[in-house]
Amino acid sequence: MSLFLRLPQNTAGRDFVVGDIHGAFDKVEELLVMVGFDYKADRLVSVGDLVDRGPDSDQALDWLARPGFFAVMGNHELMALAHACGGEEEAAGHIINGGEWMAPMAADIKREYAEAFARMPLAIEIPTPRGAVGVVHADIAPGQSWQSLVSELEADSRESANWLLWSRQRFESAMIGDSTPDVAGIRRIYVGHTPVKEPLGVGNVSFIDTGLAFGGSLTLLNAHTGQIAARVSA
């Protein structure tokens, strides 16, 4: 497994990025219809948390196998992986966070999900005509440049995994008026994990989880421009 994925330039179609799906793949399909998604040319990149809380989490394997669909690991994939590979404590921790869909599965099926989730990168880079943009699930550590993160991940180091999967520090700092420097070496980073009513930019970090799992919406953005391409409500 590679912890970092750099996509090639998409010269044939468009690139989109979508917020936390949480098992609502029917909503993803609605969004793709709304933008006239071309399955032969366009690409869709997810900020992670494909599973839990929604009705169709078991479809995650099918989506991860689709050409043109890419996703970073979210903390809910991490919890599902721990559920599948761990004991009762790990399973209970996942279940109380929306992982009840996995509980009745046979052990060999759980392993299929665990293996697929373990292959998910922690960061994805998308080249655009305006400069590269990045995708991680939660955040990147304050003061860390994109290049240093990439070097770390390419060396198979998980030193920054806690920030990438769980952190809300940048958002919380912004909410109390504290400033956080931009992430150097990248034009924009798209993140999920932290529910917001509307996509929110904190410097060059864009929070795009608009809270579908909590009665909000699912937002699809043009990855190159950062503009909202489509949105569906819960």
Side-chain angles (χ1 to χ4, degrees), residues 7 10 13-39 41-57 59-60 63-64 66 68-77 98 120-126 128 130 132-140 164-168 170-172 174-175 183 186-234:
L7 297 178
N10 186 357
R14 301 166 293 174
D15 291 323
F16 297 95
V17 60
V18 66
D20 297 30
I21 295 168
H22 282 300
F25 290 103
D26 59 333
K27 299 296 184 181
V28 181
E29 296 280 13
E30 287 184 38
L31 289 172
L32 299 186
V33 169
M34 291 167 70
V35 298
F37 191 84
D38 183 345
Y39 287 88
D42 296 337
R43 300 186 298 201
L44 176 62
V45 181
S46 161
V47 296
D49 279 4
L50 305 180
V51 298
D52 299 345
R53 300 191 174 119
D56 300 315
S57 292
Q59 293 183 18
W63 278 81
L64 286 170
R66 292 189 181 196
F69 180 76
F70 306 90
V72 294
M73 180 187 286
N75 61 305
H76 281 264
E77 281 78 48
M120 296 172 76
L122 293 178
I124 293 175
E125 183 175 303
I126 308 168
T128 85
R130 303 182 183 187
V133 298
V135 179
V136 305
H137 178 60
D139 200 357
I140 181 171
L164 298 173
L165 292 169
W166 296 98
S167 178
R168 290 193 170 105
R170 187 182 308 269
F171 174 82
E172 291 168 351
M175 292 303 98
V183 179
I186 196 81
R187 185 165 65 85
R188 177 183 287 114
I189 298 178
Y190 297 105
V191 304
H193 186 59
T194 301
V196 290
K197 289 184 178 180
E198 299 286 338
L200 174 69
V202 179
N204 66 342
V205 176
S206 295
F207 292 83
I208 69 167
D209 173 19
T210 46
L212 180 71
F214 304 102
S217 63
L218 183 64
T219 299
L220 184 75
L221 287 87
N222 182 305
H224 293 200
T225 66
Q227 298 298 307
I228 295 174
R231 179 183 291 180
V232 291
S233 298

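Along the sequence shown, residues carry numbers from 1. Note that the coordinates shown come from a computational prediction; the quantities given were computed from them, not determined experimentally.
Side-chain atoms of Asp15 and Asn222, non-hydrogen and from C-beta on, never get closer than 4.5 Å to each other. Inter-residue side-chain proximity for Met175 and Leu200 is flagged as met; some heavy-atom pair is nearer than 4.5 Å. Counting only heavy atoms from C-beta outward, the side chains of Val35 and Leu220 approach each other to under 4.5 Å. Side-chain contact between Thr219 and Pro199 is present, with heavy atoms from C-beta onward closer than 4.5 Å. Counting heavy atoms from C-beta outward, Ile208 and Leu221 have side chains that approach closer than 4.5 Å. Between Trp63 and Val28 there is a side-chain heavy-atom pair separated by less than 4.5 Å. Looking at Leu64 and Met120, their side chains come closer than 4.5 Å, going by heavy atoms from C-beta outward. Counting heavy atoms from C-beta on, the side chains of Tyr39 and Leu32 come closer than 4.5 Å.
Of the possible donor and acceptor atoms, none in the side chain of His22 sits under 3.5 Å from a partner among the backbone N and O of Ala213. With hydrogens and angles ignored, the 3.5 Å screen pairs a side-chain donor or acceptor of Glu77 with a backbone N or O of Asp49. Proximity of a side-chain donor or acceptor of Asp56 to a complementary backbone N or O of Gln59 within less than 3.5 Å is not detected. Looking only at distances, no side-chain donor or acceptor of Asn204 sits under 3.5 Å from a matching main-chain atom of Ile189. Side chain of Arg168 to main chain of Asp139: no donor-acceptor pair is present (N/O by atom type, distance under 3.5 Å, no hydrogens or angles). In this structure, the side chain of Asn10 engages the main chain of Ala41 through a donor-acceptor pair within 3.5 Å.
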Derivation of the side-chain contact (heavy atoms from CB on, under 4.5 Å) call for Val133 and Glu125: CA-CA 6 Å; Val133 298; Glu125 183 175 303; over 6 Å; no
Worked check of side-chain contact (heavy atoms from CB on, under 4.5 Å) between Phe25 and Val51: CA-CA 9 Å; Phe25 290 103; Val51 298; 5.5 Å; no
Audit row: Val196, Phe171, side-chain contact (heavy atoms from CB on, under 4.5 Å) steps and yes/no: CA-CA 10 Å; Val196 290; Phe171 174 82; 3.7 Å; yes
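The aromatic rings of Trp166 and His193 sit perpendicular to each other, their planes meeting at more than 60°, with 30° as the lower class boundary.
Side chains of Asn75 and His137: a donor-acceptor N/O pair is present below 3.5 angstrom, by distance only. Side chains of Ser217 and Ser233: a donor-acceptor N/O pair is absent below 3.5 angstrom, by distance only.
A salt bridge links Glu29 with Arg66: the closest approach of a Lys/Arg side-chain nitrogen to an acidic carboxylate oxygen falls below 4.0 angstrom. We find that Glu198 and Arg231 are joined by a salt bridge, their nearest charged nitrogen and carboxylate oxygen being less than 4.0 Å apart.
Between Val47 and Tyr190 the shortest heavy-atom distance is CG1-O, 4.0 Å. What you find for Val72 and Val136 is that their closest heavy atoms are CG2-C, 3.9 Å. Minimum heavy-atom separation, Asp20 to Gly192: OD1-CA, 3.3 Å. For Phe70 against Arg43, the heavy-atom pair with the smallest separation is CE1-CD, 3.9 Å. In terms of heavy atoms, Ala229 sits closest to Phe16 at CB-CE2, 3.8 Å. For Phe214 against Pro195, the heavy-atom pair with the smallest separation is CE1-CG, 3.9 Å.
Taking CZ from Arg14 and CG from Asp38, the interatomic distance works out to 7.5 Å, rounded to the nearest 0.5 Å. Atom CD1 in Ile21 sits 10.5 Å away from atom CG in Asp209 (nearest 0.5 Å).
Take Asp52 and apply the side-chain hydrogen bond (donor to acceptor under 3.5 Å, both in side chains) test, not counting sequence neighbours, and it matches His76, His94, Trp101. Partners of Thr225 according to the side-chain hydrogen bond (donor to acceptor under 3.5 Å, both in side chains) rule, which considers only residues two or more places apart in sequence or in another chain, do not exist here.
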